[in-house]
Participant: 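One structure is given below, represented as structure tokens, and several questions about it will come after.
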Amino acid sequence: MSDRASYELISVADVLLPIDPPQPRPAPRAAPVLAPRRLPAWGILFGPLVLVLVWEAASQTGLLSPRLLAAPSTAVTSGFAMLQAGTLQEHFLASAQRAWLGLGIGVAIGLVLALASGLTRLGEASIDGVVQVKRAIPTLALIPLAILWLGIGEVMKIALIATSVLVPVYINTHAALRGIDLRFVELARSVGLGRAEFLRRVALPGALPGFFTGLRLAVTACWTALVVLEQINTTEGIGYLMNRARDYGQTDVIVVGLAVYAVLGLASDMAVRALERRALSWRKALGA
Amino acid sequence: MSPAVRIEALTRAFAGRVVLDGIDLAIQPGEFVALIGRSGCGKSTLLRAIAGLDDGVAGGGTVEAPRSKAILFQDSRLLPWERVLSNVTLGLAAADAEPRARRVLAAVGLEGREDAWPGTLSGGEQQRVALARALVREPALLLADEPFGALDALTRLRMHALLAALVARHRPTVLLVTHDVDEALTLADRILVMDQGRITRDLPIALPPPRRRSDAGFDALRGLLLNALGVPEHA
Ligand SMILES: Nc1ncnc2c1ncn2[C@@H]1O[C@H](COP(=O)(O)OP(=O)(O)OP(=O)(O)O)[C@@H](O)[C@H]1O
Ligand SMILES: [Mg+2]
């Protein structure tokens, strides 16, 4: 039977039976897959798991020399031993303190600058250009100057982390404050909001999504800066641990260090996400 | 009785183009005035001048309007990050703001939705919250710029009835800008027709309530107004 004939057959049947009783809806036939279906929450772990298994197998079979890269199992054992000896916690705390102090200070400064510049003309005139110039200079290019000014100690490291963190916070918060919907400004005037109340109820909540975008980028910037800075004259911290391990050829300790960096990064990102979910709960209600 | 709104020789221009061209208008307290006119004839500009939201726009003339006024925008303009109740009380300093807002929300049929986020409400519900936000201030003057323009026909009819009932209770002076001749005829005591920055018609509407679109008087006025607006089959 040709396609044409079957088409006509169907259309005649449709015309003859115009008012079908309501049928239970048949299970939808396999719809064309336009976008991949969502992964279950743990689905994302599949790739890393395969990687670790391949890696372990390569180490066990001798394909991968422990001098180049330790086996995951060896790294786990070493990490556990370092935990029991207390060295890992000590260095972890040193790194985390550096990172979070720098992050906190940088975020606070970025936020204050963004508010001053986004809400006052004098502020914008004096601050915006400076931050834009700073944005053009990678923070790590400032290391030589920072060392001359602040020495090679903790202060220099925290200051540089803060500097690299404040830029994304500033840029995104400032843009959000500038982009405030003029219709809301008009509304605020029409209901007679004062300046303080306008800030509290319109400008700041409106800029919050931008701030969080900045914060997420800030966390990333914070780790990048931390890792580089910990290569410079440290006597504690994960970076120090890894440098020393390189000198002794302990690839297992290097792997442990990388894992700790990963944990720090993931934990911070999760904290930011949780904060964002709470602060922007009105968005979640829209399914956005 | 002195008028609630008095406008004399009001002019406004954007970039040298005259948009309001010498408007004189007096609106009595409690009067419900509808303003209709072709798109771009200056209705919103006039409304914003009365609302005092147009500083920086070139022009002259005098506008006297009560201090106590509320505006109903075409979009509901609710703050998405504030719940319904706080949207209604926005900028309201009264000590009893909250119980009042709850009462007005109940009056617009939104009892129990006080804690909802605006984004979860339907378009009609959002516009009712905006109406509650305007009315909770018990304004002497209510300015509305096509407040129901974005709603479907059925919801719009419901909103007309609601607005009529609430206005009958609180008796504010109302200036309603609309494109919809039937809306104007259903609600207003007086209809102004605007054209090219001037008021060209000023019609008292004496139709007795309840006004029905099928009534002969209603139909005759509709023809007259459509004619004044230059709609072809009525010209
Ligand atoms: N801020 C502005 N800058 C420049 N031109 C403007 C501005 N506001 C309004 N106009 C112009 O003034 C004229 C009148 O605008 P207005 O918004 O008052 O019209 P309207 O009668 O409300 O029209 P509509 O029914 O479409 O809302 C239009 O030609 C518009 O382009
Ligand atoms: Mg308009």
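Proteins get letters first, then strands, A, B, ... in listed order; numbering begins at 1 in each. Computed from a predicted structure; not experimentally measured.
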Participant: Counting a contact as any heavy-atom pair under 4.5 Å apart, which residues of residues 43-66 of chain B contact chain A?
Facilitator: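 Listed by number, the contacting residues are B/Arg48, B/Gly52, B/Leu53, B/Asp55.
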
Participant: Provide the closest heavy-atom pair for B/Cys41 versus B/Gln196 in the form atom of the first, atom of the second, distance.
Facilitator: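 Closest pair (atom of B/Cys41, atom of B/Gln196, distance): CB-N, 3.9 Å.
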
Participant: Are A/Leu226 and A/Arg98 packed together at the side-chain level, in the sense that at least one heavy-atom pair is separated by less than 4.5 angstrom?
Facilitator: yes

Participant: For residues B/Gly22 and B/Thr11, report the shortest heavy-atom separation together with the two atoms involved.
Facilitator: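 So the two residues come closest at N-CG2, 3.5 Å.
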
Participant: Would a 4.5 Å heavy-atom cut-off, applied to side chains only, mark B/Phe32 and B/Arg190 as touching?
Facilitator: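 Side chain of B/Phe32 against side chain of B/Arg190, heavy atoms only: no contact under 4.5 Å found.
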
Participant: Specify the closest pair of heavy atoms between B/Trp117 and B/Pro80, including all atoms of both residues, with the distance to one decimal.
Facilitator: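 Looking at all heavy atoms of both residues, the closest pair is CE3-O, 3.8 Å.
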
Participant: Would a 4.5 Å heavy-atom cut-off, applied to side chains only, mark A/Lys157 and A/Glu230 as touching?
Facilitator: no

Participant: Can you pull out the residues in residues 125-156 of chain B with any heavy atom less than 4.5 Å from chain A?
Facilitator: B/Arg133, B/Arg137

Participant: Could you check B/Leu25, B/Asp202, B/Ile27 and say which one makes a side-chain contact (heavy atoms from CB on, under 4.5 Å) with B/Val33?
Facilitator: B/Ile27

Participant: So A/Asp269 and A/Arg216, do their side chains get closer than 4.5 Å, heavy atoms only?
Facilitator: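 Yes, their side chains come closer than 4.5 Å.
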
Participant: How about CZ on B/Arg158, more than 12 heavy atoms from neighbouring residues, nucleotides or ligands closer than 6.0 Å, or not?
Facilitator: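 No, not enclosed.
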
Participant: For a 4.5 angstrom cut-off between non-hydrogen side-chain atoms, does B/Arg113 reach B/Leu105?
Facilitator: no

Participant: Is any side-chain heavy atom of A/Phe211 less than 4.5 Å from a side-chain heavy atom of A/Leu204?
Facilitator: no

Participant: Let me see the working for B/Arg198 and B/Asp21 under salt bridge (charged side-chain N to carboxylate O under 4.0 Å, His left out), right down to the final yes or no.
Facilitator: CA-CA 6 Å; B/Arg198 293 164 183 273; B/Asp21 188 8; 3.1 Å; yes

Participant: Please indicate whether A/Leu45 has more than 12 foreign heavy atoms, meaning atoms of other residues, nucleotides or ligands, lying under 6.0 Å from its CG.
Facilitator: yes

Participant: What residues of residues 158-188 of chain A sit under 4.5 Å from chain B when you count only heavy atoms?
Facilitator: A/Arg183, A/Phe184, A/Glu186, A/Leu187

Participant: Residues of residues 100-119 of chain A under 4.5 Å from chain B (heavy atom pairs)?
Facilitator: none

Participant: Within the side chain of B/Asn87, is there an N or O that forms a donor-acceptor pair under 3.5 Å with the backbone of B/Glu82?
Facilitator: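 Yes; at least one donor-acceptor contact below 3.5 Å.
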
Participant: Look at the side chain of B/Trp81 and the backbone N and O of A/Arg283, then say whether any donor-acceptor pair between them is shorter than 3.5 Å.
Facilitator: no

Participant: What part of B/Leu90 gets within 4.5 angstrom of chain A, counting heavy atoms only: side chain, backbone, both, or neither?
Facilitator: both

Participant: What's the shortest heavy-atom distance between B/Ala107 and B/Leu162, and which atoms?
Facilitator: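 In terms of heavy atoms, the two residues are closest at O-CD1, 3.6 Å.
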
Participant: Any side-chain heavy atom of B/Ile36 sitting closer than 4.5 Å to one from B/Glu183?
Facilitator: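 Not touching, per the 4.5 Å side-chain cut-off.
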
